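FYI, side chains are in, hydrogens and waters are out, and symmetry mates aren't considered; it's all heavy atoms of this structure. Throughout, a chain's letter reflects where its sequence line sits, starting with A, and its residues are numbered from 1. Nothing here was measured: the structure is a model prediction, and the numbers come from that model.
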There are 2 protein chains.
Amino acid sequence: MAHSPKRKLFLDLVLSLFRLNGLLVAEGDRMAESLGLTSARWKVIGVIALAHSGVTVPGIARVLGQSRQAVQRITDVMEADGLLRYQKNPDHKRSVLVCLTDSGQEVYSALRAVQDPWAIENTETVPVEELEIALQLVRRLINQFDR
Amino acid sequence: MAHSPKRKLFLDLVLSLFRLNGLLVAEGDRMAESLGLTSARWKVIGVIALAHSGVTVPGIARVLGQSRQAVQRITDVMEADGLLRYQKNPDHKRSVLVCLTDSGQEVYSALRAVQDPWAIENTETVPVEELEIALQLVRRLINQFDR
DNA sequence: GTCACGATGACAACATGCTGCCCATAACCA
DNA sequence: TGGTTATGGGCAGCATGTTGTCATCGTGAC
């Protein structure tokens with residue numbers, strides 16, 4: 001069992017994922033930098049923009065798989081920066097909805113203009129099949145761990 | 001170009017990787033918990049154990065792709081906890097070598113006893129080929145970003 | 001031998017994530 | 001309707017990562 005080829009393969013993969021994560025955060029910071037954002041805010045603004053209607057802070061946290069406190073801190077800063085605003089939630093008295101302001105919409109558009117070419121550029125030499133297999137594997141692992 | 005299937009695939013993959021990273025850290029914390037470790041110390045002790053001779057703090061940082069300051073803080077705590085010790089480096093007057101103490105060796109062995117079954121268990125339903133493709137892709141991305 | 005540059009150590013500031021705690025509100029069920 | 005459970009908000013503390021700065025040590029070119 002100790003000689004299982006999968007064992008070492010998986011542990012190598014995990015260590016590599018830790019490293020890749022750090023590099024991806026750095027990439028996000030680099031791309032978002034010129035727009036006055038950071039990678040954490042990049043993640044949050046992406047979720048809000050994709051949800052066409054308003055979303056709550058814990059809702060964003062669930063999508064990202066993070067704690068609501070972590071997201072709340074980000075949104076508070078972005079609200080102070082005028083990128084988003086809190087809106088009354090007709091369905092819930094205390095839990096407000098988060099929406100992009102016009103300024104936030106503009107920033108998101110500018111972000112896409114950097115992010116999309118980045119994504120295409122970094123997959124130029126990668127076959128679609130490999131991307132699909134990797135994504136499928138990552139999602140399977142997420143399901144295994146997310147309980 | 002905006003309709004490139006790879007673009008969305010890659011962005012989905014990146015978001016999933018952020019999430020998986022958080023879950024993996026939590027898994028590491030869970031496994032290391034009973035040994036008085038955390039996932040960060042788990043990473044560091046692994047590097048030291050694999051390097052049969054002593055390694056320097058910046059050396060560990062290079063292996064992990066992290067800043068030497070982050071590693072230094074971890075090793076300082078682990079040294080205070082008696083898991084490792086600093087040893088004179090014959091090749092360098094200021095940069096000490098980091099070695100596992102007997103206690104550190106024991107903890108690492110105990111760690112393996114948890115970690116290896118964990119690795120095997122979590123790849124039971126995953127074909128080796130998919131693991132290889134995913135690892136290859138992750139390494140390719142690391143090389144692209146690590147400059 | 002000297003000097004410039006790179007690597008290391010030490011300290012500080014900051015960003016981002018986590019958990020724990022307490023309280024308020026919503027939702028659900030008997 | 002009333003009580004229990006789930007969800008959300010806010011605060012605090014902590015772990016882990018980053019960057020920046022400065023002094024010191026090593027290395028290598030001249």
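Protein atom CZ of B:Arg19 is 11 Å distant from nucleotide atom P of C:dC18, rounded to whole Å. In this structure, the CG atom of B:Leu23 is 13 Å from the C1' atom of C:dC18, given to the nearest Å. Counting to the nearest Å, the P atom of C:dC18 and the CG atom of B:Leu24 are 14 Å from each other. Rounded to whole angstrom, the span from the CG atom of B:Leu97 across to the P atom of C:dT8 amounts to 12 Å. Atom-to-atom, CD of A:Glu33 to P of C:dA15 comes out at 14 Å; the value is rounded to the nearest Å. In this entry the distance linking CD1 of B:Ile60 with C1' of C:dT8 reads 14 Å, nearest Å. Taking atom CD on B:Glu79 and atom C1' on C:dA10, their separation rounds to 15 Å, with Å as the unit. Rounded to whole Å, the distance from CD on A:Gln66 to C1' on C:dA15 is 12 Å.
Regarding contacts with the backbone of C:dG17, a side-chain N or O of A:Lys43 is found under 4.0 angstrom from either OP1 or OP2. The phosphate of D:dT18 has OP1 or OP2 within less than 4.0 Å of a side-chain N or O from B:Ser67.
Ion pair A:Glu33/A:Arg30 not flagged as a salt bridge, since none of the NZ, NE, NH1 or NH2 atoms sits closer than 4.0 Å to an Asp/Glu carboxylate oxygen. Salt-bridge annotation for B:Glu121 and A:Lys6: absent, with no side-chain N of the basic residue lying under 4.0 Å from a carboxylate O of the acidic one.
Listed here is the closest heavy atom pair of B:Ser95 and B:Thr56: OG-CG2, 3.5 Å. Closest heavy-atom contact between A:Arg19 and B:Gly65: NE-CA, 3.7 Å. When all heavy atoms of B:Thr101 and B:Gly82 are compared, the closest pair comes out as OG1-O, 2.6 Å.
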TODO: Starting at the 5' end of nucleotides 4-15 of chain D, put B wherever the base has a protein heavy atom under 4.0 Å, S where only the sugar-phosphate does, and a dash everywhere else.
DONE: ----BBBB----
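For B:Asn143, the CG atom is densely surrounded, since the number of other residues' heavy atoms within 6.0 Å is greater than 12.
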